[in-house]
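Notes for the one structure printed next.
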Amino acid sequence: MFGWTGNILRVDLTQKTFRKETFSEEFAHKWVGGRGFALKTLWDELEPGIDPLGPKNKFIVALGPIAGIPAPNTGKTVVAAKSPLTGGYGDGNLGTRVTEQLRKAGYDMLIVEGAASEPTLLYIEDDKVKFLPAAEVWGKGTYATNDWIYERYGRKAGVLNIGQGGENLNLYATVRSLEGRSGGRPGMGAVMGSKKLKAIVVKGSKPIPQADPDKMKKLGAADLRTVHEMDKKSGWSIQATTGILAWCNEVAALPVRNMRKTRHSDAWKIDGERLDDARIATYGCPTCTMHCGIAIRDHEGRESELDYENIGMLGSNLEVFELDQVGSLNYLCDDYGLDTISAGGVLGFYADAIDRGHVAGDFRFGDGERAKELLRLAALREGDVGNMLADGSMRMARKIGRGSEAYAMHVKGLEVSAYNCKLCPGMALSFGTSPIGAHHKEAWVITFELNQTVRDSYGRDKAEKVIELQRIRGGLFEYIIACRFPWVEVGWELEHYPIYFNTITGLHWTLDDFWKVGDRIYALMKFFWLREMPDWSRKMDYPPMAWFDSANADTDGPIAGKVLDLEKYDGLLDHYYDLRGWDKRGIPTRRTATALGLDDEARQAEAFGRLED
Amino acid sequence: MKVTVKMIGAFVHAAGFSERTFDLALGTTTDELLEIVKIEKSRPMIVARNGQAVTPGEKLEDGDRVVVAPTFSGG
């Protein structure tokens, strides 16, 4: 078998044992890697209903067949577990040297089981595994931890670590790597923290098995140059993802004031142009051709690396329009190891609830200094406020009550990314049907919607586009594992990816083969939800109710007086389910399961809820 | 008539300005405006007028705000 090492490293932190396992060619071809490997493993191995922060949960690091190969933007790794934030399958990807190092150590997947009794650093070097003490850095932020690791193992080692957020089981704690990389929004850092796993360090020295390594080397080197040139020609990296803030502000889709508003006259102060002006450094992931991380000096003089989601959720959504203060909030999230999107959503919800008199508190929109202190409380779970903020907006709303659930901006418990869909039905559908909660990575349909369709329409074309993008973004790029930016931002054609895959594996796959894998993964993620939540209903695929509330409509601008229509959204959701071959609840039918090779999984799912024919 | 043009991303460098108000002849279309601001029409872009996507050949009106942005596909 070429393309895959064929090996899994299984580690038990409770017993401090490990073993090397193999996986079959059938498993490789059916699930490919990354999200596919992680999902199938968690489906097969987790007991339904387990505590995501207990020792029975498993933390998975999964790679794909092109991960770590020198080709455009292949430096990504998937981290996954049952999510403590949503209760469903959770994952995320991040750029890290672990990608290449774990593959060179001879593994396509790492499964971490049990829980250590003391803070632990898991050290992997080829066939060696060590359980090392990490008490010295327990309680420290990710930057200090990273430096501590670099001093001991060198800067070329692959590193995943957590900050105080993960240690204290903040439910939106992420996994961190390198200087600014972060992944696993649905609390993957908290799962590491629950296992007292402060860091994973990986070094590898073996060749990655490839069917035609010479061809891949030439192809990869040429394509790395080409995509880099395409980026330079287009000028995308000048503002990178942050350019979108100004556009969102112009078209009334910017998150402002807990998404109550869609535009703000001060938005320009934190936009891509200002960020480019303030730039002191630029960062990217391993094998990156188009670096997207723009670093600036924050209010305290530290280096803070920003992208659009950071300035959208920690800036405009909190009405903090001092760029250096947004930089500070971002730095703190990165150092504590908190997801910036959820942190911005949580603080926005808190300020909104205080504004409405639904909860007592002293935080106001625009107060960057107080926001910094609240991030500290949330990361450390300090006091009643810190504990409440650490649980995410869904649980906060349940606690606060008084109708606040309507403006807690989350789907399935995961806070909405920085696109305000008050009048973007297709993007709302994308958030609603995202299987891990409201994440933009699954299907970013908003520019298609606003430029190629009637904005206020709920037609089948929008559902078709969401599925098309989910197959590419939430599918292909999450299991073959590569960054989507070369395709999505500078037009690097998708056809390159089957070429890489076939050159490495010796197979002859087409894009259609990949789409089927993506559909299989999306179907199994829905079975995962059914297993964890037998009373699942289609309402779990609804976006936040605030977007349907006419009292929440803009009073001026391009979408004045308009909001989403719930009845029409239901129709759009019906189109989506119909196209996917799912029933009216949003659960795959038996027929769909059979077509996707999921008969066994369907039978297992039926123990938790009926499946329609 | 007065029309304000806002450039985003690489178009700031291509046009040489970030935001500027132009005095245009009545009946000027969005395509003609792109020629005036020296943006090649072959370049991938999204153009919005008063927050709404423009249709080809759309005529501008006094007080309009036009935004020219790269074809973002999304973060």
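Below, read A as the first sequence line, B as the second, and so on, with proteins coming before strands; counting in each chain starts at 1. Side chains included, hydrogens not; waters and symmetry mates left out as well; all remaining heavy atoms used.
Only the side chain of A:Ile238 comes within less than 4.5 Å of a heavy atom of chain B; its backbone N, CA, C and O stay farther away. For A:Asp307, no part sits under 4.5 Å from any heavy atom of chain B, backbone or side chain. Heavy atoms closer than 4.5 Å to chain B are found nowhere in A:Thr242, neither backbone nor side chain. Neither the backbone nor the side chain of A:Ala252 comes within less than 4.5 Å of any heavy atom of chain B.
Within 6.0 Å of atom NE2 in A:His496, more than 12 heavy atoms from other residues, nucleotides or ligands are found, so the atom counts as buried in its surroundings.
The residue among B:Ala14, B:Gly51, B:Ala53, B:Pro70 with the most heavy atom pairs within less than 4.5 Å of chain A is B:Gly51.
Taking NZ from B:Lys6 and CG from A:Asn249, the interatomic distance works out to 8.5 Å, rounded to the nearest 0.5 Å. Rounding to the nearest 0.5 Å places CD of A:Glu489 at 7.5 Å from OG1 of B:Thr71.
In this structure, the side chains of B:Met7 and A:Glu273 stay at 4.5 Å or more apart for every pair of heavy atoms.
The two residues A:Ser234 and B:Ala10 come nearest to each other via the heavy atoms O-CB, 3.3 Å. Contact between B:Ile46 and A:Trp247 at its shortest, heavy atoms only, is CD1-NE1, 3.4 Å.
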